[in-house]
Colleague: 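Before I ask anything, here is the structure I am working with.
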Amino acid sequence: MDLKQYQIVLVNLDPTIGSEIKKTRPCVIVSPNEMNKYLRTIIIAPVTTTSRNYPTRVKVRHDNKNGWIVIDQIRTIDKKRIIGILGKLNNKEVKEVKNIIKETFVD
């Protein structure tokens, strides 16, 4: 499977612990393509349909549904958790994800 940054993929996140987002759900690949090509792991941000307008969430529309990319739940997963590719973010969504990641993790 050729995985690229900002693709939306279906991922099985179980098992989880505590407040981690769980179940099989869409996620956005946030790791750069150089990592995605050579490592057996990938960095993702889960997508949820139930959220509020938190500063660490990016609103998206995919598969005729509104959702939120949960930047505050970014995690590294093994590629074996990925079930399939669902689509990709549009340019506006990519720009917003980059801005929120920068605001959240970069001084």
Colleague: Look up atom NZ in K59 and atom CD1 in I69, then write down how far apart they are to the nearest 0.5 Å.
Modeller: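 Here the interatomic distance stands at 12.5 Å.
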Colleague: State yes or no: do Y6 and V47 share one hydrophobic cluster built from I, L, V, M, F, W and Y residues joined by side-chain heavy-atom distances below 4.5 Å, directly or via other members?
Modeller: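 Hydrophobic grouping puts Y6 with V47.
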Colleague: Let's go through D2 and K37 carefully: what are the C-alpha distance in whole Å and the side-chain angles of both, what is the deciding distance for salt bridge (Lys or Arg N to Asp or Glu O under 4.0 Å) to 0.1 Å, and is it a yes or a no?
Modeller: CA-CA 8 Å; D2 189 27; K37 183 175 180 180; over 6 Å; no
Colleague: Does any non-hydrogen side-chain atom of V60 lie less than 4.5 Å from one of W68?
Modeller: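 The answer is no; the side chains never approach within 4.5 Å.
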Colleague: Is the backbone N or O of N12 less than 3.5 Å from a side-chain atom of R81, with the two atoms forming a donor-acceptor pair by type?
Modeller: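 Yes, the answer is positive, given that a donor and an acceptor are paired below the 3.5 Å cut-off.
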Colleague: I'd like to check Y54 versus V70 (side-chain heavy atoms, cut-off strictly below 4.5 Å). Are they in contact?
Modeller: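 Contact flag for Y54/V70 side chains = no.
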Colleague: For F105, does the CZ atom sit with more than 12 other heavy atoms under 6.0 Å from it, leaving out its own atoms?
Modeller: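 Result for CZ/F105: enclosed.
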Colleague: Report the C-alpha separation of I21 and L13 in whole Å, then their side-chain angles, then the decisive distance to 0.1 Å, and conclude whether the side chain to side chain contact (heavy atoms under 4.5 Å, CB included) test is met.
Modeller: CA-CA 7 Å; I21 289 183; L13 296 174; 4.2 Å; yes
Colleague: Same cluster or not: I8 versus I71, using hydrophobic residues (I, L, V, M, F, W, Y) connected whenever any side-chain heavy atoms lie under 4.5 Å apart?
Modeller: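 Yes, one cluster joins them.
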Colleague: Measure across P46 and C27 and return the closest heavy-atom pair with its distance rounded to 0.1 Å.
Modeller: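 Taking every non-hydrogen atom into account, CA-SG, 3.7 Å.
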Colleague: Decide side chain to side chain contact (heavy atoms under 4.5 Å, CB included) for I44 and I74; before the verdict, give the C-alpha distance in whole Å, the side-chain angles of both, and the deciding distance to 0.1 Å.
Modeller: CA-CA 6 Å; I44 56 94; I74 285 177; over 6 Å; no
Colleague: State whether the side chain of K79 and the backbone N or O of N36 hold a donor-acceptor pair below 3.5 Å, judged by distance alone.
Modeller: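 Yes; judged by distance alone, with no hydrogens or angles, the pair exists.
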Colleague: Say whether, by atom type as modelled, one donor and one acceptor occur between the side chain of D14 and the main chain of K22 under 3.5 angstrom.
Modeller: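 A pair under 3.5 Å: no.
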Colleague: What's the separation between atom CD1 in I82 and atom OG1 in T24, rounded to the nearest 0.5 Å?
Modeller: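 I82 atom CD1 to T24 atom OG1 measures 12.5 Å (nearest 0.5 Å).
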Colleague: Would you say that Q73 contacts E20 through its side chain, given a criterion of any heavy-atom pair below 4.5 Å between the two side chains?
Modeller: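 The answer is yes, as the side chains (C-beta and beyond) meet within the 4.5 Å cut-off.
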Colleague: For T50 and T48, work out which heavy atoms get closest and say how close.
Modeller: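 Minimum heavy-atom separation between T50 and T48: N-OG1, 3.2 Å.
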Colleague: Do D78 and T41 have side-chain N/O donor and acceptor atoms under 3.5 Å apart?
Modeller: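 Looking only at side-chain atoms, T41 and D78 do not form any donor-acceptor pair under 3.5 Å.
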Colleague: With a 3.5 Å distance limit and no angle check, can you tell me whether N90 reaches the backbone of E93 through a side-chain donor-acceptor pair?
Modeller: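 Judged by distance alone, yes, a pair lies under 3.5 Å.
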Colleague: Let's go through R61 and N66 carefully: what are the C-alpha distance in whole Å and the side-chain angles of both, what is the deciding distance for side chain to side chain donor-acceptor pair (under 3.5 Å) to 0.1 Å, and is it a yes or a no?
Modeller: CA-CA 5 Å; R61 181 141 180 96; N66 291 320; 3.1 Å; yes
Colleague: Are the side chains of R25 and V11 in touch, meaning some heavy atoms are under 4.5 Å apart?
Modeller: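 Not touching, per the 4.5 Å side-chain cut-off.
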Colleague: Can you tell me how far the CD1 atom of I101 sits from the CG atom of D72, to the nearest 0.5 Å?
Modeller: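 Taking CD1 in I101 and CG in D72, the distance rounds to 11.5 Å.
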Colleague: What do the steps show when you test L86 against V9 for side chain to side chain contact (heavy atoms under 4.5 Å, CB included), and what is the final call?
Modeller: CA-CA 5 Å; L86 301 175; V9 291; 5.9 Å; no
Colleague: Scan V28, I29, I42 and name whichever one has a side chain to side chain contact (heavy atoms under 4.5 Å, CB included) with Q7.
Modeller: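 Considering V28, I29, I42, a side chain to side chain contact (heavy atoms under 4.5 Å, CB included) with Q7 is found only for I29.
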Colleague: Please round to the nearest 0.5 Å and tell me the distance separating atom OG1 of T56 and atom CD of E103.
Modeller: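 Reported to 0.5 Å precision, the distance equals 10.5 Å.
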Colleague: What I'd like to find out is whether the side chain of L3 reaches to under 4.5 Å of the side chain of I85, using heavy atoms alone.
Modeller: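 Touching, per the 4.5 Å side-chain cut-off.
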Colleague: Which residue is it: V97, L89, V94? I am looking for the one with a side chain to side chain contact (heavy atoms under 4.5 Å, CB included) to V58.
Modeller: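 Between V58 and the candidates, side chain to side chain contact (heavy atoms under 4.5 Å, CB included) is satisfied uniquely by V97.
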Colleague: Search all heavy atoms of Q5 against all heavy atoms of V30 and return the closest pair with its distance.
Modeller: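 Looks like NE2-O, 2.9 Å.
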